[in-house]
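So the structure is just underneath, and the comments pick up after that.
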Amino acid sequence: MNLKYRRLKGTRDLMLEEAERWAWCEERWADVLDRYGYGEIRTPVIEPTELFLRSVGEGTDIVDKEMYTFETKGGESLTLRPEMTASVVRAYLENGLTRQPGTVKFWYMAPMFRHDRPQAGRYRQFHQVGVEAIGSASPVLDAEVIRAALALFEAVDARGITLLLNSIGCPACRPAFLDELGAFLEANLERVPETLRGRVATNPLRLYDAKDDGVQELLADFRPITDCLCAGCRAHHETVRGTLGDLGVAFVDDPTLVRGLDYYTRTTFELTAASGRKQSSLAGGGRYDSLVEQCGGPPTPAVGFSVGIERTLLHLGDETVDPQRSRQSTVDVYVAALDEPAQRYALAAADLLRGYCRVEVDTTGRALKAQIKSANLRRARLLLVAGEQEQAADTLQLKDLTTGEQTTAARSQLLAAVREVLEA
RNA sequence: GUGGAUGUAGCUCAGUUGGCAGAGCCCCUGGUUGUGGUCCAGGUGGUCGUGGGUUCGAAUCCCAUCAUCCACCCCA
């Protein structure tokens, strides 16, 4: 069929059983996050462009080429959020939560937008479940946050998840490392592919997430960033590792894990699925001790993560459900009615039941046979038949669809009669 | 932004060397005046992604274009 309107590239329609599966996950995740002491936050999907420029950072792919940015008639530049952390920090400051005692812990499940080329596990509108814990610099919190991320996967029975862990230092120790790294790369520039050379000067750390084998070999010859941490960062990192050990959480040290956003300090981590060569990165996060201050607040340490919902579901391996084969919502009682007067009578009868159970009234006017077929598809336990004869006698036919037994009930006794069958 | 694959019925897909547009599923009707999942019979539904070109003739060959998927890049 030649469709007049189509879905935008990189977006999806979720319906019926697919939507139920999402709801199933969302319910479990909300419960887990609740148990870790997080409260929900919902923020607008659009923000001033500047918020993301300053936080995510110019020079990152997200800001340079993936943002949905547009201008209002008043000339203001707005952006559909490509990630959530900046918005949460903005909301934290805007609502005066700096005065809140203790650590402010938020969770969210929300759509994000990035103008990427879509592929398996990657969409232009995608969804993340994540947390931000604002107000504590303790490495123990890092470990708890990481533990919570793993708990989200456990809650939906996701297996084969690997935790990658690293520390990328702080403003005190990272510049020295970057200088050294930059000099090393300059000296070996011929081993860096041309497409990546731009990064050597602008953001040498970004070279680490290049998949080019030559670059990886080159970087392997260089000292890992974890060897260059200052005393504070080193102690922090060791405590994170030790605390994960206390919790029995297995992890892999990965000194090449730098993450694609500029605001991270110290701890960075990623949760990956070893399955094939698909989009294996299911979740990522880390500490961002400078971001709140950068956004105009008081110096406030924080840590968080986000999990890709589409990727997680993809990893669970469930086939996506064909909408046409997917069941319509199930009901307890299906009311068949033949013509319009019967439909009116049927609707009035249904109204007597809806405070008690799920009822569908068939208003298609199809043959009774077809209506009963639909009743079965909807998994109805009971069929009510409302026709001319029933109207005349002020009754309804009650048919138990599992046994085939059929009785007549006075309309005034309908609820009792229905309860008798459903509760038997 | 780069590369590859694929576009035929609502869905999954056949379609030979260029020669009348097909199957299964779904849906509808009947077999049963108003009684179900099975069965039987019948039926609806297609600008063959779109636009050009070659040809007596194009779903089929050529060109362009759009869309989808996959991969790169990067990330969730």
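Here is how names work: the chains are called A, B, and so on, in the same order as the sequence lines, proteins then strands, and each is numbered from 1.
Shortest non-hydrogen contact noted between A/G304 and A/Y288 is N-CE2, 3.7 Å.
The salt bridge (Lys or Arg N to Asp or Glu O under 4.0 Å) pairs that include a residue from residues 331-345 of chain A are A/D332-A/R358, where partners are two or more places apart or lie in different chains.
Nucleotides B/U8 and B/U16 place their P atoms 16 Å apart, quoted to the nearest Å. Going from the C1' atom of B/G34 to that of B/G24 covers 33 Å, rounded to whole Å. As rounded to the nearest Å, B/U29 and B/A71 have P atoms that lie 44 Å from one another. To the nearest whole angstrom, the two C1' atoms, one in B/C28 and one in B/A9, are 15 Å apart. Across the P atoms, B/G18 and B/C75 are found 49 Å apart, a figure rounded to whole Å. Look at the P atom in both B/A58 and B/G19: the space between them is 11 Å, to the nearest Å. The gap from the C1' atom of B/C13 to that of B/C26 amounts to 14 Å, rounded to the nearest Å. Taking atom C1' in both B/U12 and B/U68, one finds a spacing of 16 Å when rounded to whole Å.
For A/Y208 and B/C74, the OH to P distance is 15 Å, given to the nearest whole Å. Nucleotide B/A76 holds its C1' atom 13 Å from the CD atom of A/Q125, rounded to whole Å. One can place CD of A/E83 at 9 Å from P of B/A76, the figure rounded to the nearest angstrom. The CD atom of A/E270 sits 7 Å away from the P atom of B/A76 (whole-angstrom rounding). A/L207 has its CG atom 14 Å from the C1' atom of B/C74, to the nearest Å. When the C1' atom of B/C72 is taken as reference, atom NZ of A/K65 falls 11 Å away, rounded to whole Å.
Scored by the salt bridge (Lys or Arg N to Asp or Glu O under 4.0 Å) test, A/D253 finds A/R241 as partners (sequence neighbours excluded). For A/E390, the salt bridge (Lys or Arg N to Asp or Glu O under 4.0 Å) criterion is met by no residue, not counting sequence neighbours. Residues passing the salt bridge (Lys or Arg N to Asp or Glu O under 4.0 Å) test with A/R366, sequence neighbours excluded: A/D362. Remark: A/R174 pairs with no residue by the salt bridge (Lys or Arg N to Asp or Glu O under 4.0 Å) rule, at least two apart or across chains.
To the nearest 0.5 angstrom, A/L291 atom CG is 9.0 Å from A/E132 atom CD. With values rounded to the nearest 0.5 angstrom, A/C173 atom SG is found 7.5 Å from A/R266 atom CZ.
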Show the distances under 3.5 angstrom between N or O atoms of the protein and N or O atoms of nucleotides 40-44 of chain B.
none

Do any N or O atoms of the protein come closer than 3.5 Å to N or O atoms of nucleotides 48-50 of chain B, and which pairs are they?
none

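More than 12 heavy atoms of other shown residues, nucleotides or ligands fall within 6.0 angstrom of atom CD in A/Q406. For A/R379, the CZ atom counts as loosely surrounded, since its 6.0 Å shell holds 12 or fewer non-hydrogen atoms of other residues, nucleotides or ligands.
Judged by distance alone, with hydrogens and angles left aside, A/R259 brings no side-chain donor or acceptor close enough to the base of B/C75 to form a pair under 3.5 Å.
The existence of a salt bridge linking A/E154 and A/R147 is confirmed by a sub-4.0 Å separation between a basic side-chain nitrogen and an acidic carboxylate oxygen. Between A/R21 and A/E18 there is a salt bridge, since at least one side-chain N of the basic residue sits less than 4.0 Å from a carboxylate O of the acidic one. A/D400 and A/R381 are joined by a salt bridge, as a carboxylate oxygen and a charged side-chain nitrogen come within less than 4.0 angstrom of each other. Ionic pairing of A/D116 and A/R114 is not present here: no N-O contact between side-chain nitrogen and carboxylate oxygen is shorter than 4.0 angstrom.
Within the 4.0 angstrom heavy-atom criterion, only backbone atoms of the sugar-phosphate kind lie near A/L261; the bases stay farther away. Using a 4.0 Å heavy-atom distance criterion, A/A375 is classed as making no nucleic acid contact.
No hydrogens or angles considered: a donor-acceptor pair under 3.5 Å links the side chains of A/T85 and A/Y263.
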In residues 161-169 of chain A, what donor-acceptor pairs under 3.5 Å come from side-chain atoms, sequence neighbours left out?
residue	atom	partner	partner atom	Å
A/N166	ND2	A/P255	O	3.4
A/N166	ND2	A/L257	O	2.9
A/S167	OG	A/G169	N	3.4

Could you give the side-chain donor-acceptor pairs of residues 220-228 of chain A under 3.5 Å, partners two or more places apart or in another chain?
residue	atom	partner	partner atom	Å
A/R223	NH1	A/E180	OE1	3.3
A/R223	NH1	A/E180	OE2	3.0

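In secondary-structure terms, RNA chain B builds stems of at least 3 consecutive Watson-Crick or G-U pairs, each pair having both distances under 3.5 Å, at B:1-7 with B:66-72, B:10-13 with B:22-25, B:27-31 with B:39-43, B:49-53 with B:61-65.
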* Encode nucleotides 25-37 of chain B as B, S and - characters from 5' to 3', where the letter depends on protein heavy atoms closer than 4.0 Å: B to the base, S only to sugar-phosphate, - to neither. => S--SS-B--BBBB
* Protein-to-nucleotide contact annotation, 5' to 3' order, nucleotides 64-70 of chain B [B base; S sugar-phosphate only; - none; under 4.0 Å, heavy atom] -> ---SS-S
